[in-house]
Amino acid sequence: MIPLPRHTGGQPRHHAPRSAARLALLAGVIGVSHPGPTSAAANEAPRWPRFTDVTASAGIRFEHHLGDLDLSNIVEATAPGGLFFDYDNDGFQDIYFVNGRWHRDISDNRGRTFKGKLRNALYRNNGDGTFTDVTDQAGVGGYEDSYGMAASAADYDRDGDLDLYVCNYGRNILYRNNGDGTFTDVTDEAGLASPGWALAAPWFDYNGDGLLDVFVVHYLEYDKGAFQRTGAYYKADNFPGPLSYPGLPDRLYRNNGNGTFTDVTEETGLLEPTGRGMGAVVCDLNNDGHPDIYVTNDAMANNLWINDGHGRFRDLGPETGTAFGEGGQGVSSMGPFVADVNRNGLMDILVPDMGYSSLMVQVKPGFFMDITSQSGLALLCGQYTGWGGLLVDLDNDGYVDLFLANGDPHHLYLEDPVIARWDGKSRFVDQARESGDFFQAKYVGRGAAFADFDNDGDIDLLMFALHGKPHLLRNDGGNAQSWLKVVPVLTDTGMVALGATVTVKTGSFTQIQPVLGVNGYLVSNDPRPHFGLGTHTVADAVEIRWPDGQRQTFSQVPANQILRVPGAARTTPAPAGPTPSR
């Protein structure tokens, strides 16, 4: 058990007045009918943490660069992102940053002075609140001709450490972790270059063979600037947008188990030649035991690829209400984020965009309702351009809260980030004034990731900025309330079991979290499921549903610990029918 350092105080939450009838209506829409785990007296001020920008004091010196002197095209405007991952298996989350670079398709000639001088960066978490740049030692600086966008991590070769996959404009890079602090580029021998323009790569076992496959999201076919130089319509204050270019198909690569991958996009029914994918999340959205894929596309319908359990997928976006949000077809959807907002045991979907963003709540299996306006999300987001969005429990009260990274899409103009608390009933409440100095300034935000980087029991944030420094935000005070991390790990490799689902019950309150890496725009996050327990010191029940369908249950689990739970390894598909609990 890891002891929890207690913090005092916090800032009071402010509630806008609302009529009882309106509250009842909104509660009915999202199905909230039970209180959260916090049992403080009604007159006690709820706790809310503050966030401290510790980037510099943590030793992070990385700075993102466009690769030339001006923001002048859609490629430069789209990134950056990165990821949290524990590459050295020491129990602390490390950080990988992707960078721009001078590229002949993207950059102007005045930027040639930057050629060969920009790189991606890996920072090792020292476990004491500081990080060390180990890029050169690890050998993961990236290619000179690959413009960095995003990254993900998975133990694809089942050797007990996390390998690194970098999404680029150009060709992607697969770095195999050697287990000694170094990586080897195995892209060509693995067959995972996936050329084009990639923005996301979630890992999951689509066919139940015990091996992690990868779904690569491709954006559009950039024409090397030809359109903006010769196009018939070119606004003086903008560069051409996504509808000026043809889309690219996403790709599913099956892990062959011998270090190589095979493109199975067509045979699995996933081919969408016209898609303009901005992001994807893989999760069992309809709760049938099989991982589904939700893809957000730019200025066109999104795809909800439902897994039939027999190796094929079918797009049910229109039927489920997830193809479009309230903004309709013209919305520039960014990376999706899934979480159970209203704690009804079903996953909901947040999609930041250039308008009001979108929150789609799953009110029954396979049916989503857009509550963007009713939840207060539209009011919070309408004046900004949303990119990276997170739904995570920042104050350990048992409900997910909201963070959004915002920034102008065409210029290096600054915008406010958004941070808001879910009130446990029906709405997000703005918490910017209560959350620290970072939220009193503006930024050109893009990706946003989360992790408990200091393992102190509350969720910290990382915002990636375009052509500037990232911001690592330490959560100070979120662990004033109880918490529990439940980490399902495979017994043969010790790796976190992607695709598992963890359920925690406290009284009548139930929380459910899938074990995911990629969740959000251009990022991968701390995959360890984190649960806020409020004032409770014990979780009544914890259940783990493993990727093969087996279940484990535990009772009376003490709070304020990181609980690693080994499960049985399986390299063959689970048998048909229900599997008894063990």
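What you see below is based on every heavy atom in this structure, not just the backbone, and it leaves out hydrogens, waters and symmetry mates.
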Discussion item. If you count every heavy atom of other residues, nucleotides or ligands that lies below 6.0 Å from Asn258 atom CG, does the total exceed 12?
Written reply: yes
Worksheet item: Should we say atom OH of Tyr413 is surrounded by more than 12 heavy atoms from elsewhere, each under 6.0 Å from it?
Response: no
Taking only Lys NZ, Arg NE, NH1 and NH2, and the carboxylate oxygens of Asp or Glu, determine whether [X] and [Y] approach each other closer than 4.0 Å.
X      : Y      : value
Asp492 : Arg158 : yes
Arg124 : Asp90  : no
Asp284 : Arg545 : yes
Asp408 : Lys442 : no

Practice prompt. Assess whether side chain to side chain contact (heavy atoms under 4.5 Å, CB included) is satisfied between Val166 and Leu164, documenting all intermediate values.
Written response: CA-CA 7 Å; Val166 185; Leu164 176 63; 4.1 Å; yes
Practice prompt. Using the side chain to side chain donor-acceptor pair (under 3.5 Å) rule, pick out the option among Asn172, Asn120, Asp185 that qualifies with Tyr143.
Written response: Asp185
Fill in: Chi angles and distances behind the salt bridge (charged side-chain N to carboxylate O under 4.0 Å, His left out) call for Arg171, Asp188
CA-CA 10 Å; Arg171 62 196 302 271; Asp188 291 334; 2.3 Å; yes
Worksheet item: For Ser152, which of Leu162, Val523, Val518 qualifies under side-chain contact (heavy atoms from CB on, under 4.5 Å)?
Response: Val518
Worksheet item: For Tyr123, which of Phe97, Phe84, Phe131 qualifies under ring-ring contact (aromatic ring centres under 6.0 Å, His included)?
Response: Phe97
Discussion item. Would you say the rings of Phe438 and Tyr443 are close, in the sense that their centroids are separated by under 6.0 Å?
Written reply: yes
Worksheet item: When the ring centroid of Phe114 is compared with that of Trp102, is the distance short of 6.0 Å?
Response: no
Discussion item. Using side chain to side chain contact (heavy atoms under 4.5 Å, CB included), reason through Asn475 and Asp452 one step at a time and then give a plain yes or no.
Written reply: CA-CA 9 Å; Asn475 185 328; Asp452 184 2; over 6 Å; no
Discussion item. Is it the case that the side chains of His471 and Asp53 hold a donor-acceptor pair, with the cut-off being a distance below 3.5 Å and no angle test?
Written reply: yes
Practice prompt. Output, in order, the C-alpha distance, side-chain angles, deciding distance and verdict of salt bridge (charged side-chain N to carboxylate O under 4.0 Å, His left out) for Arg176 and Asp155.
Written response: CA-CA 9 Å; Arg176 187 186 65 219; Asp155 182 15; over 6 Å; no
